[in-house]
Asker: 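Here you go, one structure.
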Amino acid sequence: MDGIRHVALGCCVISTVAGMIRVFWPENTFAPVINAVLALYIVTAGLQMLRTTDWPGLTAQLYRLADVTVQRNDYTDYGQDLTRSVSVDAVRTVLQQAGIEAAVMMRGGVCCVELVRESDRDQAQALLAASCGDLPWEISGGGKTP
């Protein structure tokens with residue numbers, strides 16, 4: 001990387017010097033001479049940069065950058081947790097839309113539904129059987145309210 005930095009610095013210096021000459025002396029009778037000297041200076045500086053650059057080191061550095069493998073993060077557990085969370089929210093919404101009051105939470109990979117009223121058990125079982133699909137569920141108890 002040092003070689004690339006040296007090349008870039010050299011180009012910047014050369015461009016700056018050429019720009020300063022053009023700005024401070026735009027119209028002169030020595031324009032062809034200045035252009036020739038400037039061209040020779042650019043060629044000389046460029047050859048000097050090319051000669052002093054550590055090409056094998058630069059090549060090795062670029063190969064090392066290319067050999068770095070992209071580390072893949074495993075997000076499967078996070079994806080499963082997120083899926084379960086969304087599923088619990090969906091079950092909660094389905095029960096609320098049916099007018100069933102219940103506490104819905106995920107415990108040990110099972111969607112646990114705790115009803116407020118025991119009288120809603122049959123309706124809740126039918127809704128959960130119809131809407132849960134592969135999600136394991138259980139009604140963990142009914143409330144004391146009839």
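What you see is a predicted model, and the numbers here were worked out from it, not measured in a lab.
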Asker: Which heavy-atom pair separates Pro136 from Gly109 by the least distance, and what is that distance?
Answerer: CG-O, 3.2 Å
Asker: Please report the interatomic distance CE(Met105) to CD(Glu114), rounded to the nearest 0.5 Å.
Answerer: 6.0 Å
Asker: Evaluate the side-chain proximity of Gln123 to Ile100: yes if any heavy-atom separation is below 4.5 Å, no if none is.
Answerer: yes
Asker: Roughly how far, to the nearest 0.5 Å, is CG of Asp120 from CG of Leu95?
Answerer: 9.0 Å
Asker: Look up atom CG in Leu82 and atom CG in Asp77, then write down how far apart they are to the nearest 0.5 Å.
Answerer: 12.5 Å
Asker: Let me see the working for Ser85 and Asp89 under side chain to side chain contact (heavy atoms under 4.5 Å, CB included), right down to the final yes or no.
Answerer: CA-CA 6 Å; Ser85 173; Asp89 290 342; 4.2 Å; yes
Asker: Can any side-chain N or O of Thr83 pair as donor or acceptor with the backbone N or O of Gly79 at less than 3.5 Å?
Answerer: yes
Asker: What verdict does the side chain to side chain contact (heavy atoms under 4.5 Å, CB included) test give for Val113 and Gln125, after you've listed the backbone C-alpha separation in whole Å, the side-chain angles of each residue and the deciding distance to 0.1 Å?
Answerer: CA-CA 10 Å; Val113 178; Gln125 284 179 338; over 6 Å; no
Asker: State, to 0.1 Å, how close Ile139 and Arg121 come at their nearest heavy-atom pair, and which atoms those are.
Answerer: CG2-NH1, 3.5 Å
Asker: Specify the closest pair of heavy atoms between Cys132 and Trp137, including all atoms of both residues, with the distance to one decimal.
Answerer: CB-CD1, 3.6 Å
Asker: Where is the tightest heavy-atom contact between Val116 and Ala102, given as atom of each residue plus distance?
Answerer: CG2-N, 4.2 Å
Asker: Locate the shortest heavy-atom distance separating Cys112 from Arg107; write the atom from each residue and the value.
Answerer: SG-CB, 3.8 Å
Asker: Closest approach of Val104 and Arg92, non-hydrogen atoms and distance?
Answerer: O-NH2, 2.6 Å
Asker: Taking side chain as C-beta onward, heavy atoms only, is Met106 less than 4.5 Å from Val91?
Answerer: no
